[in-house]
Each structure stands twice: as C-alpha cells, then as structure tokens.
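Step one of this worksheet: look at the structure below.
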Amino acid sequence: QVQLVESGGGLVQAGGSLRLSCAASGRTLSRYGMGWFRQAPGKEREFVAAISWKGGTRYYADSVKGRFTISRDNTENTVYLHMNSLKPEDTAVYFCALREEYSASVWINQYAYWGQGTQVTVSS
C-alpha cells in the first residue's frame, strides 16, 4: 500500500516562498510520474505541476509557471514543490499524487494514489 505524506505548508505573506515535500512509503517513487494538485475552498481540485520518473519532463499550470518548480529526489523517495512569489490566490490545500506510469500527466484522473494534503495560506 502506497502512502504519500505532504509537509511544508503554512502561512506566508504575498511574495514569499514555501517548499512543499511529499514523502512516500510502501513503494519506490523512482518508477512513477508524480503530480501536485491544489484545492481552494468551494473550488474543484486543479492541476499545479507534474514530473516524469527521472525528472526529464515537467508540466506546469499556466497560473504557476515561472513561480513554482517541481523536483524529485529518487534517492530520498521524495517529491518537492518549490513555490516562489506566492499570491493570495495560491491559497489552497496542496496534494501530491502518484501515477502508475513513467510519464507525467496533467490529468487528475490518471493518478492512483493521493496524500492527505497540506494547507498553504498566502496573506495579502
């Protein structure tokens, strides 16, 4: 059974930075595409970023392109989301997810396993 645990969320002022981590247990991440999604109150869960198994392919939502960076350390079985120049509209619960394929994907329904989420709040 795969378990994904996110950490690193918190309260930050607009313009600030955070780094989210997603640690896995029960399975080695190195063979799988990984993604980050977020869900704001009253809104549907949306794609943020995705990375292929070796990190050679990365996708970003237009709203975060140039500000967020997804990365992975397969030796640590961890995926990261580096968030810079944060805006109040980035406030949401952030989820990491595992896709049982090597490639990355922007589609939420292609991810089989999900973490419990970590709250990110950006104040203006």
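All figures in this text were calculated on a predicted structure; none of them were measured in a lab. Scope of the values below: all heavy atoms of this structure, side chains included, with no hydrogens, waters or symmetry mates.
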Got a list of side-chain donor-acceptor pairs under 3.5 Å for residues 73-82, not counting sequence neighbours?
| residue | atom | partner | partner atom | Å |
| --- | --- | --- | --- | --- |
| Asp73 | OD1 | Thr75 | N | 3.1 |
| Asp73 | OD1 | Thr75 | OG1 | 2.4 |
| Asp73 | OD1 | Glu76 | N | 3.3 |
| Asn74 | OD1 | Arg72 | NE | 2.9 |
| Asn74 | OD1 | Arg72 | NH2 | 3.4 |
| Asn74 | ND2 | Trp53 | O | 3.1 |
| Asn77 | OD1 | Leu29 | N | 2.7 |
| Asn77 | ND2 | Ala24 | O | 3.2 |
| Asn77 | ND2 | Arg27 | O | 3.0 |
| Thr78 | OG1 | Glu76 | O | 2.9 |
| His82 | NE2 | Ser71 | OG | 3.0 |

| Say you draw a straight line from OG of Ser103 to NZ of Lys54; how long is it, rounded to the nearest 0.5 Å? | 14.0 Å
| Does Tyr59 use its side chain to pair, donor to acceptor, with the backbone of Gly35 at less than 3.5 Å? | no
| field | Same apolar cluster (I L V M F W Y, side chains within < 4.5 Å links), Tyr60/Leu86 | value | yes
| query | Ser30: what forms a side-chain hydrogen bond (donor to acceptor under 3.5 Å, both in side chains) with it, not counting sequence neighbours? | reply | none
| query | Would you say Thr91 and Val120 make side-chain contact, with heavy atoms under 4.5 Å? | reply | no
| task | Could you pull out the closest heavy-atom pair between Ala104 and Arg99, with the gap in Å? | result | O-NH1, 4.1 Å
| query | Which pair of non-hydrogen atoms, one from Tyr94 and one from Ala92, has the smallest distance, and what is that distance? | reply | CD1-O, 3.4 Å
| Does Tyr32 share a hydrophobic cluster with Phe95, counting links as ILVMFWY side-chain heavy atoms below 4.5 Å and allowing steps through other members? | no
| Between CD of Glu46 and CH2 of Trp36, what distance do you get to the nearest 0.5 Å? | 14.5 Å
| query | Side chains of Tyr113 and Gln3: does their closest heavy-atom pair fall under 4.5 Å? | reply | no
| query | Can you tell me how far the SG atom of Cys22 sits from the CE atom of Met34, to the nearest 0.5 Å? | reply | 4.5 Å
| message | Using side-chain heavy atoms (C-beta onward) and a distance below 4.5 Å, is Ile108 in contact with Glu44? | response | no
| Got a donor-acceptor contact below 3.5 angstrom from the Thr118 side chain to the Gly9 backbone? | yes
| message | Let me check something: do Trp114 and Phe47 share a hydrophobic cluster, defined by ILVMFWY side-chain heavy atoms less than 4.5 Å apart, either directly or through other members? | response | yes
| said: Please report the interatomic distance CD(Glu6) to OG(Ser21), rounded to the nearest 0.5 Å. | reply: 10.0 Å
| Which residue pairs pass the disulfide bond (SG atoms under 2.5 Å apart) test when at least one of the two sits in residues 23-67, sequence neighbours left out? | none
| message | For the backbone of Thr57 and the side chain of Ser52, can you confirm whether one donor and one acceptor N or O come within less than 3.5 Å of each other? | response | yes
| Taking only residues two or more places apart in sequence, or in another chain, which ones meet Gln119 in a side-chain hydrogen bond (donor to acceptor under 3.5 Å, both in side chains)? | Thr121
| message | Under the criterion side-chain contact (heavy atoms from CB on, under 4.5 Å), I'd like the reasoning laid out for Arg58 against Thr69: C-alpha separation, chi angles, the key distance, then a yes or no. | response | CA-CA 9 Å; Arg58 307 183 195 199; Thr69 302; 4.1 Å; yes
| Which value, rounded to the nearest 0.5 Å, describes the distance between Cys96 atom SG and Ile70 atom CD1? | 9.0 Å
| Do Trp107 and Ile51 belong together in a cluster built from hydrophobic side chains that touch within less than 4.5 Å? | no
| query | So Phe37 and Tyr111, would you call those rings parallel, tilted or perpendicular, with 30° and 60° as cut-offs? | reply | perpendicular
| field | Results of side-chain hydrogen bond (donor to acceptor under 3.5 Å, both in side chains) for Arg45 - residues two or more places apart only | value | Gln39
| How many angstroms lie between CZ in Arg31 and CG in Leu98, if you round to the nearest 0.5 Å? | 12.5 Å
Could you tabulate the donor-acceptor pairs under 3.5 Å formed by side-chain atoms of residues 61-68, not counting sequence neighbours?
| residue | atom | partner | partner atom | Å |
| --- | --- | --- | --- | --- |
| Asp62 | OD1 | Lys65 | NZ | 3.1 |
| Ser63 | OG | Arg38 | NH2 | 3.4 |
| Arg67 | NH1 | Ser85 | O | 2.9 |
| Arg67 | NH1 | Asp90 | OD2 | 2.7 |
| Arg67 | NH2 | Ser63 | O | 2.8 |
| Arg67 | NH2 | Asp90 | OD1 | 3.0 |
| Arg67 | NH2 | Asp90 | OD2 | 3.4 |

